[in-house]
Number of protein chains: 2
Amino acid sequence: MENAEKYNALKLENQICFPLYAASREIIKKYRPFLDEIGLTYTQYIAMMVLWEEKSINVKTLGEKLFLDSGTLSPVLKSLEDKGFVSKLRDKNDERSVTVNLTEKGERLKERAAEIPSKIVKCVSLPPDDALHLYTLLYKLLATVKE
Amino acid sequence: MENAEKYNALKLENQICFPLYAASREIIKKYRPFLDEIGLTYTQYIAMMVLWEEKSINVKTLGEKLFLDSGTLSPVLKSLEDKGFVSKLRDKNDERSVTVNLTEKGERLKERAAEIPSKIVKCVSLPPDDALHLYTLLYKLLATVKE
DNA sequence: TTCAATTTAATTGAGTTCAATTTATTTTAA
DNA sequence: TTAAAATAAATTGAACTCAATTAAATTGAA
């Protein structure tokens, strides 16, 4: 290998992970003003997304869906509980497991959150074809990474 | 709009940001064992990537390249300085500005880091066509987000 | 049956991330 | 010229992220 090329793979511009990491953070930043209005952080918001669909889910399964472990989820769920959006209960059949439940107040929050996705689309306007392709590639990537 | 469709945009599976965020974290996790060997975190690693190319750069420009502000960079650069990989100096022409310089030790670290990209490719094996397409879309996305 | 291995959440600690503030310096406009 | 505005970096504080550990409960093998 030519000496001039020896370190090419180490250049920031030749990384696939870096633009992934940067784009992820830049988009999450765009959510902030909208999430501030409903009193959620981005991590709390994606946890609520699952709760809005499932109504009830245990911590382990929620963690698998979000790719987050209990070290991250515990304080996130505590915060959502403190705000009254979810309640937590030990599973009677298996006392190791904790089930998270959507509350009435959490259900009502869904109405206000429903405005957010369309607002984000305005900030982050990839053409629909590109967005779909990106979506497909990201899930393909996630599938290869998850061992 | 049908009631059944009213909240579709709020479903986790219909988000573009979520797989971005999840994939970013999952890949960075793959770096860890390799970065542990050379004593860097991922954030420190991408900062070093810029330094390996530029040798010398001020904090503001580094921040622009990495999409990170001084709130994040200050402790990262302090840690790199403590480990002897970079040195910092106030700019004589503009005392507000700080220039970060690659040290001899930092230069030597590049040899060991050069092994990492190929190891990551083995953990994250998207077909080359897909990887290139993903790369293109991510930079396109970054361009639309950065206002 | 019983005790070792496994599983589930929570906790801990180091490091990151970001908004907001502070400090020091430089630039600009009156 | 000088006072206000702008800029650069550091600091602060809240929250996230993750590896490692801990505690409690369950499972499984001898």
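Bear in mind that the values here come from a model prediction, so they are computed numbers and not experimental data. In what follows, chains carry the letters A, B, and so on, assigned in the order in which the sequence lines appear, proteins first and then strands, with residues in each chain numbered from 1.
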What is the distance, rounded to the nearest whole Å, between atom [atom1] of [X] and atom [atom2] of [N]?
| X | N | atom1 | atom2 | result |
| --- | --- | --- | --- | --- |
| Tyr31(B) | dG15(C) | OH | C1' | 19 Å |
| Gln44(A) | dA14(D) | CD | C1' | 11 Å |
| Lys78(B) | dT11(D) | NZ | P | 9 Å |
| Lys60(A) | dA9(C) | NZ | P | 8 Å |
| Asp36(B) | dA14(C) | CG | P | 15 Å |

Are OP1 or OP2 of [N] and a side-chain N or O of [X] less than 4.0 angstrom apart?
| X | N | answer |
| --- | --- | --- |
| Arg25(A) | dC18(C) | yes |
| Thr72(B) | dT17(C) | no |
| Lys88(B) | dA10(D) | yes |
| Tyr21(B) | dT17(D) | yes |
| Lys30(B) | dC18(D) | no |
| Ser97(A) | dA9(C) | yes |
| Tyr42(B) | dC18(D) | no |

Polar side-chain contact Ser70(A)-dA10(C) base: donor and acceptor under 3.5 Å: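 Such a pair exists between side chain and base.
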Aromatic rings Tyr45(B) and Trp52(B): how do their planes relate, parallel, tilted or perpendicular, breaks at 30° and 60°?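 Perpendicular.
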Touch class at under 4.0 angstrom, heavy-atom based, for [X] against every strand present:
| X | result |
| --- | --- |
| Asp94(B) | sugar-phosphate |
| Asn58(A) | sugar-phosphate |
| Leu73(A) | nothing |

State yes or no: do Tyr139(A) and Leu138(B) share one hydrophobic cluster built from I, L, V, M, F, W and Y residues joined by side-chain heavy-atom distances below 4.5 Å, directly or via other members?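 Looking at the clustering, Leu138(B) is in the same group as Tyr139(A).
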Apply salt bridge (charged side-chain N to carboxylate O under 4.0 Å, His left out) to Lys30(B) and Glu26(B), showing your working. CA-CA 7 Å; Lys30(B) 294 293 182 189; Glu26(B) 289 301 306; over 6 Å; no
5' priority, DNA chain D, between Asn93(A) and Ser79(A) [closest heavy atom]: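 Nearest nucleotide further toward 5': that of Ser79(A).
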[X] side chain, from C-beta outward: closest of [options]:
| X | options | result |
| --- | --- | --- |
| Arg96(A) | dA9(D), dT8(C), dC18(D) | dT8(C) |
| Arg32(B) | dA19(C), dT26(C), dA19(D) | dA19(D) |
| Thr41(B) | dG15(C), dA10(D), dT26(D) | dG15(C) |

Thinking salt bridges, do Lys110(A) and Glu53(A) make one under a 4.0 Å N-O criterion?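 No, no charged N to carboxylate O under 4.0 Å.
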